[in-house]
Chemist: 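I'd like to ask you about the structure that follows.
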Amino acid sequence: MTTDAFATRLLAWFDVHGRHDLPWQHPRSPYRVWLSEVMLQQTQVATVVPYFLRFVDALPDLPALAAASPDRVLALWSGLGYYSRARNLQAAAKLCLEFHGGELPRSVDALAALPGIGRSTAAAIASQSWNDRHAILDGNVKRVLARFHGVDGWPGAPAVERRLWSFAQAHVDDAALAPDRLADYTQAQMDFGATLCTRSRPACVDCPLQIDCIAFAEGRQNELPTPRPARTLPRRSAVLLVLRNDAGDVLLQRRPPTGVWASLWSLPQFEDEAGAVSWLGRHAVDAEESMWLDDIAHGFSHYHLTLRPRLHRLAGATRIADADSGWVTQSDIASLGVPAPVRTLLNRLFEN
DNA sequence: AAGCCGGGGTA
DNA sequence: TACCCAGGCTT
């Protein structure tokens, strides 16, 4: 199983072609590795880099993260998506302060017991922070192993995923993989999948694993890994109320603690126009002027959403703010967690 | 096992 | 448009 020298060939490739200047590598601390790994869940490197730099500048260590207000953390996450990652991140920081002396725990099992850290992320943190010998299995590794070992079937299927984990474990257990190179090996797998063994048009001519790669031998590198089974996503629509008062401020509401965009600040949202009209009537809102703005198309992983914003300019003093809503200025919005399409809409609004 | 949870890059 | 990405949590 390990005679293919998978790990050592990958490391030799990494020394020449790997990425050695990512921001979380300099300096490389457990806190920065952890933050980067969570940000990188289902999110590409180029997207993460500016968010990572802003986050560590604002909250440079674990105690600072634990002590920050939840709204501050969500604001720093705003635009990255999957906001439960941010909530879990802070919850984990508080657990570390309470149970682990203010640091990340030193074992993968204790890491994986923290919210937001699963098996692969725990292994990535431990190997990169302390050179611990643990296998990772992220999207990159799944693709590389599916090709190298010729594994058929969608990697998201549990049976396929179990096979891929066993291959990943066998490679990391290779005695030829030096104990001081586990951090590099983890990074090498990610870099290899992200830059050479890419989803489309992999650079097989430059591949150090080519002679043992089953997909290449069978000419199936463009067919593996097997794509996810097709699914047609449902379409939904919603009406957003853009209320502006005399001062030009906009009314934002905190969203419910569960569901999409949980606990973020957004515009009042309704299933349809009737719901919006009813809400306006209940709050005795008297619009001086109103108009429909351009629709916003927004895609989620499980449905498509069309947002239909309706602008109302309100006359006179309107008192509809409470603990979960308030009138905000353009500069207020910068410090709040706001869904990306709503932030785009508000930025356009304030420019006019 | 399947559904939920964002946003952006890419072909 | 459709798919994928340094996944994990909930049911």
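It should be emphasised that the depicted structure is a prediction, and the values quoted were computed from it without experimental measurement. Just so it is clear: chains get the letters A, B, ... in the order the sequence lines come, proteins before strands, and each one is counted from 1.
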Chemist: For A/W13 and A/F192, run ring-ring contact (aromatic ring centres under 6.0 Å, His included): C-alpha distance rounded to whole Å, both residues' side-chain angles, the deciding distance at 0.1 Å, then the answer.
Modeler: CA-CA 8 Å; A/W13 173 89; A/F192 183 75; 5.3 Å; yes
Chemist: What is the distance, to the nearest angstrom, from the CD1 atom on A/I296 to the C1' atom on B/dG6?
Modeler: 15 Å
Chemist: With a 4.0 Å cut-off on heavy atoms, is A/Q128 in touch with a base, just the backbone sugar-phosphate, or nothing at all?
Modeler: nothing
Chemist: If we take the P atom in both C/dC9 and B/dG8, what is their distance in whole Å?
Modeler: 24 Å
Chemist: Could you give the CG-to-P distance, from A/L89 to C/dG7, as a whole number of Å?
Modeler: 16 Å
Chemist: Of A/R87 and A/A157, whose nearest nucleotide on DNA chain B comes first from the 5' end?
Modeler: A/A157
Chemist: Between the protein and nucleotides 9-11 of chain B, are there any N/O to N/O pairs under 3.5 Å, and if so, what are the atom names and distances?
Modeler:
residue, atom, partner, partner atom, Å
B/dG9, O4', A/Q44, OE1, 3.2

Chemist: Report yes if at least one side-chain N or O of A/Q42 is closer than 4.0 Å to OP1 or OP2 of C/dG7; otherwise report no.
Modeler: yes
Chemist: Which part of the nucleic acid, if any, lies within contact of A/G193, taking any heavy atom under 4.0 Å across all strands shown: a base, the sugar-phosphate backbone alone, or nothing?
Modeler: nothing
Chemist: Using only heavy-atom distances, decide whether a donor-acceptor pair under 3.5 angstrom links the side-chain of A/R231 to the base of B/dA2.
Modeler: no
Chemist: Could you tell me whether A/D15 and A/R181 make a salt bridge, using a distance below 4.0 angstrom between a side-chain N and a carboxylate O?
Modeler: yes
Chemist: By nearest nucleotide on DNA chain B, pick out whichever of A/P158 and A/S78 is the more 5' one.
Modeler: A/P158
Chemist: Round to the nearest Å and state the distance from A/Y185 atom OH to C/dA6 atom C1'.
Modeler: 15 Å
Chemist: Between A/R119 (CZ) and C/dA6 (C1'), how many Å, whole number?
Modeler: 16 Å
Chemist: State plainly whether the residues A/D61 and A/R32 are in salt-bridge range, i.e. N to O under 4.0 Å.
Modeler: no
Chemist: Figure out the CZ/P separation between A/R235 and C/dA2, and round it to whole Å.
Modeler: 7 Å
Chemist: From B/dG6, B/dG7, C/dA6, pick the nucleotide closest to the side chain of A/V260?
Modeler: B/dG6
Chemist: Check the distance between C/dG7's C1' and A/L137's CG and give it to me in whole angstrom.
Modeler: 10 Å
Chemist: Using only side-chain N and O atoms of A/Y82, determine if any of them is under 4.0 Å from OP1 or OP2 of C/dC5.
Modeler: no
Chemist: Heavy atoms only, 4.0 Å cut-off, all strands: where does A/R343 land among base, sugar-phosphate and nothing?
Modeler: nothing
Chemist: Any side-chain N or O of A/W24 below 4.0 angstrom from OP1/OP2 of C/dA6?
Modeler: no
Chemist: Report yes if a side-chain nitrogen or oxygen of A/H302 is closer than 4.0 Å to either non-bridging phosphate oxygen (OP1 or OP2) of B/dC5; otherwise report no.
Modeler: yes
Chemist: With a 4.0 Å cut-off on heavy atoms, is A/L80 in touch with a base, just the backbone sugar-phosphate, or nothing at all?
Modeler: base
Chemist: Whole Å only: how far is the CZ atom of A/F300 from the P atom of B/dG8?
Modeler: 11 Å
Chemist: Applying ring-ring contact (aromatic ring centres under 6.0 Å, His included) to A/F14 and A/H20, what does each step give before you reach the verdict?
Modeler: CA-CA 9 Å; A/F14 170 77; A/H20 298 88; 4.4 Å; yes
Chemist: Are A/D132 and A/R106 close enough for a salt bridge, meaning some N to O gap below 4.0 Å?
Modeler: yes
Chemist: Between C/dG8, C/dA6, B/dG7, which one does the side chain of A/A340 approach most closely?
Modeler: B/dG7
Chemist: Counting heavy atoms from C-beta on, name the nucleotide in C/dA6, B/dG6, B/dG7 closest to the side chain of A/R85.
Modeler: B/dG6
Chemist: Is any side-chain N of the basic residue among A/D152 and A/R220 closer than 4.0 Å to the acidic one's carboxylate O?
Modeler: yes
Chemist: Base, sugar-phosphate, or nothing for A/L305, non-hydrogen atoms under 4.0 angstrom?
Modeler: nothing
Chemist: Set out, in order, the CA-CA distance, both residues' side-chain angles and the distance that settles side chain to side chain contact (heavy atoms under 4.5 Å, CB included) for A/F350 and A/V250, then state yes or no.
Modeler: CA-CA 10 Å; A/F350 281 114; A/V250 171; 3.8 Å; yes
Chemist: Cation over ring, A/R54 on A/W77, under 6.0 Å and within 45°?
Modeler: no
Chemist: What distance, rounded to whole Å, do you find between the two P atoms, one in B/dC4 and one in C/dA6?
Modeler: 24 Å
Chemist: Determine the Euclidean distance between corresponding C1' atoms of B/dG9 and C/dG8; express it in Å to zero decimal places.
Modeler: 22 Å
Chemist: Between B/dG6 and A/T43, counting only base atoms on the nucleotide and side-chain atoms on the residue, is there a donor-acceptor pair under 3.5 Å?
Modeler: yes
Chemist: Any side-chain N or O of A/R143 under 4.0 Å from OP1/OP2 of C/dC3?
Modeler: no
Chemist: Flag this pair as yes if the NZ/CZ of A/R255 is under 6.0 angstrom from the six-membered ring centre of A/W265 and inside a 45 degree cone about the axis; otherwise no.
Modeler: no
Chemist: When all nucleic acid strands are considered with a 4.0 Å heavy-atom cut-off, which category describes A/V48: base, sugar-phosphate, or nothing?
Modeler: nothing
Chemist: Does a donor on one side chain and an acceptor on the other come within less than 3.5 Å for A/R343 and A/S78?
Modeler: yes
Chemist: Roughly how many Å is it from CG in A/N88 to P in B/dG6, rounded to a whole number?
Modeler: 12 Å
Chemist: Are A/H298 and B/dG7 close enough that a side-chain N or O sits under 4.0 Å from OP1 or OP2?
Modeler: yes
Chemist: At less than 4.0 Å, is any side-chain N or O atom of A/S301 found next to OP1 or OP2 of B/dC4? Yes or no.
Modeler: no
